[in-house]
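Notes follow the structure.
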Number of protein chains: 2
Amino acid sequence: MGQDVIELDTSLGYLLKEAATALRVEMEDVLRPLGMTVTHYSCLELLAQRPGLSNSELARGAFVTRQSMNVLLQSLEREGQVVRATEAPVGKALPTTLTPLGRERLALASAAVRGVEDRMLAALSNSDRDTALRVLRSMVTSLRG
Amino acid sequence: MGQDVIELDTSLGYLLKEAATALRVEMEDVLRPLGMTVTHYSCLELLAQRPGLSNSELARGAFVTRQSMNVLLQSLEREGQVVRATEAPVGKALPTTLTPLGRERLALASAAVRGVEDRMLAALSNSDRDTALRVLRSMVTSLRG
DNA sequence: TGACCCATGTCAGTAGTCTGACATAGTCTG
DNA sequence: CAGACTATGTCAGACTACTGACATGGGTCA
């Protein structure tokens with residue numbers, strides 16, 4: 001019977017979910033006063049680093065479906081935080097860029113999120129941090145293979 | 001400006017979300033044919049290891065709100081996968097236990113999930129695995145403090 | 001004892017994301 | 001060149017989980 005059940009306390013999968021949930025909750029807490037969700041913030045952050053990303057590319061970067069990202073982008077465009085090209089330079093992908101308002105919103109959010117991430121990493125050595133990066137990348141690769 | 005934006009490629013938070021998402025997607029893929037969600041599976045797994053957990057305790061263990069877990073438990077009880085005490089031995093907490101049907105469903109799900117977790121850990125040394133466990137625990141503690 | 005605080009169970013409404021489906025643009029291939 | 005395949009954008013509906021709210025049980029303490 002010891003093989004029939006997964007030991008949660010020592011399960012890397014369980015702990016991975018616990019850590020990701022804790023991070024998400026903390027991020028939601030600091031973003032809510034700004035009227036932003038985690039996906040909303042992720043979208044702006046992606047556009048700041050790689051202007052011109054399409055809806056599908058943003059979806060992959062924020063780990064949601066392109067349908068979900070599409071809904072978000074439509075509201076962000078209505079609110080003037082992003083601008084989408086009216087026609088595709090190639091294929092059907094429509095490049096999106098931040099507006100000054102979008103950059104302004106991002107600056108506030110990024111500062112708040114940085115505080116959370118700094119707190120999360122406070123007790124970690126550089127060595128531990130590097131190992132964790134490598135291990136997480138390995139897990140992602142193995143899962144997708 | 002280098003300080004204004006969080007570098008996603010080397011951000012432990014971003015990678016944490018990526019890995020957790022990849023794991024969740026893979027688990028959903030193997031659980032969907034069984035008609036189960038990840039939360040559903042988590043609930044059964046928790047009850048197998050600690051029979052008699054209450055709704056709120058299950059919610060904390062599965063990283064959802066007690067309201068969400070309550071909805072799930074009601075449907076699981078209707079389907080005969082769990083049994084809830086009709087009155088509380090102490091306080092308001094109602095102990096929940098698995099039925100034979102629940103254990104049967106869990107056995108199928110647990111095997112499927114074990115396959116996913118094994119795949120995720122395939123490329124990791126024991127040392128890396130232990131470091132990852134320690135790092136993730138550290139993050140959780142720091143975030144909640 | 002009575003006021004206060006905290007945890008729990010539960011109902012209702014909302015919000016975010018998902019799956020399914022369809023049309024379109026580009027690429028590969030026999 | 002024609003057909004197949006893949007990627008993208010978008011609409012619609014369903015589902016999951018969330019926040020808000022309320023009542024109840026138990027413990028604390030002045």
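A, B, ... follow the sequence lines: proteins, then strands. Residue 1 opens every chain.
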Whole angstrom is fine here: how far is it from CG in Leu58(B) over to P in dG9(C)?
9 Å
Is any side-chain N or O of Asn70(B) closer than 4.0 Å to OP1 or OP2 of dT10(C)?
yes
Shortest side-chain distance from Lys92(B), nucleotide among dT24(D), dT10(D), dA21(D):
dT24(D)
Are the side chains of Leu12(B) and Leu124(A) in touch, meaning some heavy atoms are under 4.5 Å apart?
yes
Over all strands shown, is Ser56(B) touching base, sugar-phosphate only, or nothing at heavy-atom distances under 4.0 angstrom?
sugar-phosphate
Taking any heavy-atom pair under 4.0 Å as a contact, classify Leu72(B): base, sugar-phosphate, or nothing.
nothing
dG16(C), OP1 or OP2 - any side-chain N/O from Thr37(A) closer than 4.0 Å?
no
Any donor-acceptor N/O pair under 3.5 Å between dG20(C) base and Gln67(A) side chain
yes
Regarding the side chain of Ser54(B), the nearest nucleotide among dG9(C), dT17(C), dG9(D) is dG9(C)
Go through dT8(C), dG26(C), dG9(D) for me and flag the one nearest to the Arg66(A) side chain.
dG9(D)
Would you mind telling me which of dT19(D), dT10(D), dC18(C) lies closest to the side-chain atoms of Arg32(A)?
dT19(D)
In whole Å, what is the span from the CD atom of Glu87(A) to the C1' atom of dG9(D)?
15 Å
Same hydrophobic cluster for Val135(A) and Leu133(B), using side-chain heavy-atom links shorter than 4.5 Å among ILVMFWY?
yes
Phosphate oxygens OP1/OP2 of dT8(D): is one of them under 4.0 Å from a side-chain N or O of Arg84(A)?
no
Watson-Crick or G-U wobble mate for dG30(C), both contacts under 3.5 Å:
dC1(D)
